[in-house]
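Step one of this worksheet: look at the structure below.
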Amino acid sequence: MCREKLSVVHAPAPPGCEGRTRVVPVTVETSDDSNTVSSDDDESLSTLYEAEEEPLDIKEPDEELDDDDIIIDSTTSSSTLTVIHRKDDSLDDIDDIIETPKNVSMTSVATIGSKERTRVTRRLPEESSFIGTFIRGKLKAIHKPEITKRQRLATGREDVTLVRRSSSAKAEYAMYKEEEFTSSQKDETSSLNTSRSSLSSGFLSMTPRPPHFVVVAIDFGTTYSGYAFSFVHQPESVHLMRKWSGGDPGITNQKTPTVVLLRPSGEFHSFGFEARDFYHDLDANEAKKWIYLDRFKMKLHCDQTLSKATQLEAANGTLVPALKVFAHALRFFRHHALQELSDELGTRMRSNDVRWVVTVPAIWRPQAKQFMRQAAYQAGLATEHYPEQLVIALEPEAASIFCRKSRFTQLQNPMNDDVTVEDTLTIGSQYMVVDCGGGTVDVTIHEVLGGAGLKEVEAASGDAMGSVSVDREFENLLKKIFGEKFISTFQRKRPIGWVDMMIAWESRKRSTTPDRTSPLNVALPFSFIDLHRKIRGFSVETAIRNLSDSNIKWSPQGMLRISSSLMQDLFAPTLNAITTHVTSHLNKTISHIFLVGGFVDSPMLQRAVRNAVGNRVKVIIPPDASLTILKGAVLFGLDPTAVRMRTSHMTYGVGVLNRYVTALHPTSKMLTRGSDVWCKDVFDAYVKSGDVIALGDVVQRSYAPVRPNQTEIVINFYSCPRPKIQFIDEHDVIKCATLRIKLPVAHAMPPMRRRELRISMMFGDTEIKIDCVDVTTGSRADARADFLS
């Protein structure tokens, strides 16, 4: 009999993009035996796909519509755009439809009738939650809504505009709430002006994304964190939080230390400066009971076995669930931001009024990104029912978006004309963003596309070589002078003293410059000096003298004097690692390098990078470089589609059984079942390392459960940094996730019909997204990819 299978092919992409992936049906002959079955769940499913190309289907102006054709009319002020798509076909190039100028015919776009009316045929997916949300948002963007009171006040006319301005954020919010209440009384589907048949296609029948009045971005850093926000009606204005309690008197702190303080009972007490100051003022014996955690973000990058059960070690040695700590920190920012917005607007802001953005390093694995999302759910930033309310932003991408919008007169390399960086970049131009934070350094190369979009030229790279690496060199110096055993004892028995000493070191580190010739003094707390004498039996001065190093001396004022040359030596390993990495990723097309992140405030780093690459490219350091990511994250939250194409870091796929071929497969992989001979553990790649994937690209596979009455399917996902993989048990292939699919109950299944599940995966966003449809029943299956299992 014939059976429809799926194939991944490439179709035309939005302007400036290439290699758009879509999925088309392929009719092939099948029998009771499948050629490919999964080896992960003991014959619980089999794959039903093969590759084949098929051209786009464009209807002629006078061609009759099929029964499966869905029509969505979206009327603008001067033209009508009719999108015709089929409910059983794939999404491809919705951006072509949205971005096509009026009266202009593009590839696969048919112009019909008068200049004011364009008819476009596209093949869209049957059902997919993330695709549906994307399309729904695009259609809303081009649809002319009913003119509201807020629009009339903003424009002064009845016929108009989707870009609104208001002189008062408070008045704007009041009208926003009025509109929200009014719209909640109406049928949600009517606002899209869709035909009745469009609802049967599935992707429009989902719960709509809630409206957002403001975007709040949280830059969750290793050493310092902060947040900023922007009202959607004033996207050009980004507001920073500058009223952190605590810190040094008289200094405006735009960020606060990433420090969490828990009570002895484990309950949350405080965050940031407030936590650090309170802990500092505790009695030494009392402090041992309190749970103080700092610089814990690096755990998500360094722990290769990261899971929901991962624990963090506090200053007093207490182990605390990492998920709980991250949730406490994000909940603090949620409460703080809502209170700040409520005070500014004079009315109570709800979390649902906000689109939240949380930044993460670009080099983080999917496990770490999912961990951060789970913590955000626990903190109340979003829920699993409304995941779109939370956007995960990659730190160098956020910085890139902000730097492009900046004017050269705002940067440290001014030009004669007051133009933006974006104005000087042409299509095809490339620039590098080097995000130097406290924990990691990320290097990303972006290429400018048409329509103000960006393409990631190569997968983001980097490592744990941020400013904390310099701190580790200082810690190693202390161990060299006073002994590793004593330093460990001091950290455990005098946690407050250790915090005080690292604060003193931080100020000395920041004041180190390449041209300095005088020594720097680092204050050692009395608790350090006293404990050293008690444990080691001699003074710290004697320990320094016994080292016999002219670069280290003891000051009569009770300070450790470090020569300028030794300070530079402490920076050297980290700076060499950064410059080597940046240099190795330069190409002849790159014209600019943007240095961003908190570590960039160090003159030592600035000099090192300029000396290494300054003769090849223009090095630009924005003012307030530590806030660049925060400001850019707000812009990313306003437009998450700014980066249209990304490069896959890894190869992702599943293990399957293929027909055994003697000439290709080793005998160790042979598996005989009845009269069939299979090759087990074959790696089936969904996406390969180095593949350039456009935003919205979908890879689909169809699977069939072996037993019609199965209630759950488990599929193991594997990853590898190499693009070419043959088997899932090769040395660098690891199991990275488990996909669990809970199957809807299939009633009255035809006896000869095999059940089919269609899995869609999107790799082009900041996170991997998955959706599953039970083709047999037409219902959506509950599919969850667990990267933390």
Given the rule in the side-chain hydrogen bond (donor to acceptor under 3.5 Å, both in side chains) test, do S518 and R516 qualify, once you have shown the distances and angles that lead to the verdict? CA-CA 6 Å; S518 59; R516 181 172 183 137; 3.2 Å; yes
Do the ring planes of F599 and F571 sit parallel (below 30°), tilted (30 to 60°) or perpendicular (above 60°)? parallel
Are the charged groups of K297 and E395 less than 4.0 angstrom apart, N to O? yes
Salt bridge (Lys or Arg N to Asp or Glu O under 4.0 Å) partners for D515, two or more places apart: R607
Contacts of type side chain to side chain donor-acceptor pair (under 3.5 Å), residue H328, not counting sequence neighbours: R331
So that I know where these two stand, are F326 and F296 an aromatic pair - ring centroids less than 6.0 Å apart? yes
Flag for D219-S225: side-chain donor and acceptor within less than 3.5 Å: no
Heavy atoms of G597 and D435 approach each other most closely as CA-OD1, 3.8 Å
Listed by chain and number, what are the salt bridge (Lys or Arg N to Asp or Glu O under 4.0 Å) partners of E456, not counting sequence neighbours? none
Is there a donor-acceptor contact under 3.5 Å from the side chain of D530 to the main chain of F526? no
Distance only, no hydrogens: is a donor on one side chain within 3.5 Å (strictly under) of an acceptor on the other, for E541 and S539? no
Can you confirm whether the side chains of S564 and T517 place a donor and an acceptor under 3.5 Å from each other? no
Pairing of E506 and K509 as salt bridge, 4.0 angstrom limit: yes
Between F333 and W356 (judged by ring centroids, cut-off 6.0 Å), do the two rings come close enough to count as a pair? no
Specify the closest pair of heavy atoms between I481 and R536, including all atoms of both residues, with the distance to one decimal. O-NH1, 3.9 Å
Determine yes or no for a side-chain-to-main-chain donor-acceptor pair under 3.5 angstrom, with S342 supplying the side chain and L338 the backbone. yes
Consider only side-chain N and O atoms of Y279 and S270, and report whether a donor and an acceptor are under 3.5 Å apart. no
Would you say the side chain of L586 lies within less than 4.5 Å of the side chain of M432, judging by non-hydrogen atoms? yes
Below 30° counts as parallel, above 60° as perpendicular, anything between as tilted: where do the rings of H336 and F332 land? tilted
Do Y292 and V499 touch side chain to side chain, with heavy atoms closer than 4.5 Å? yes
L524 side chain reached by W554 side chain, heavy atoms, under 4.5 Å: yes
Could you tell me whether the side chains of W505 and D471 share a donor-acceptor contact shorter than 3.5 Å? yes
Between T583 and T579 (side chain of the first, backbone of the second, donor and acceptor by atom type, cut-off under 3.5 Å), is there such a pair? yes
Measure centre to centre between the rings of F594 and F402, then say whether the value is under 6.0 Å. no
For the side chain of S230 and the backbone of S237, is there at least one donor-acceptor N/O pair under 3.5 Å apart? yes
Does either side chain, that of H581 or that of S461, offer a donor lying less than 3.5 Å from an acceptor on the other one? yes
Please confirm whether the backbone N or O of H649 pairs with a side-chain atom of R646, one donor and one acceptor, at under 3.5 Å? no
Is the shortest heavy-atom distance from the side chain of I562 to the side chain of L477 under 4.5 Å? yes
Verify whether one side chain among Q430 and H446 offers a donor that lies under 3.5 Å from an acceptor in the other. no
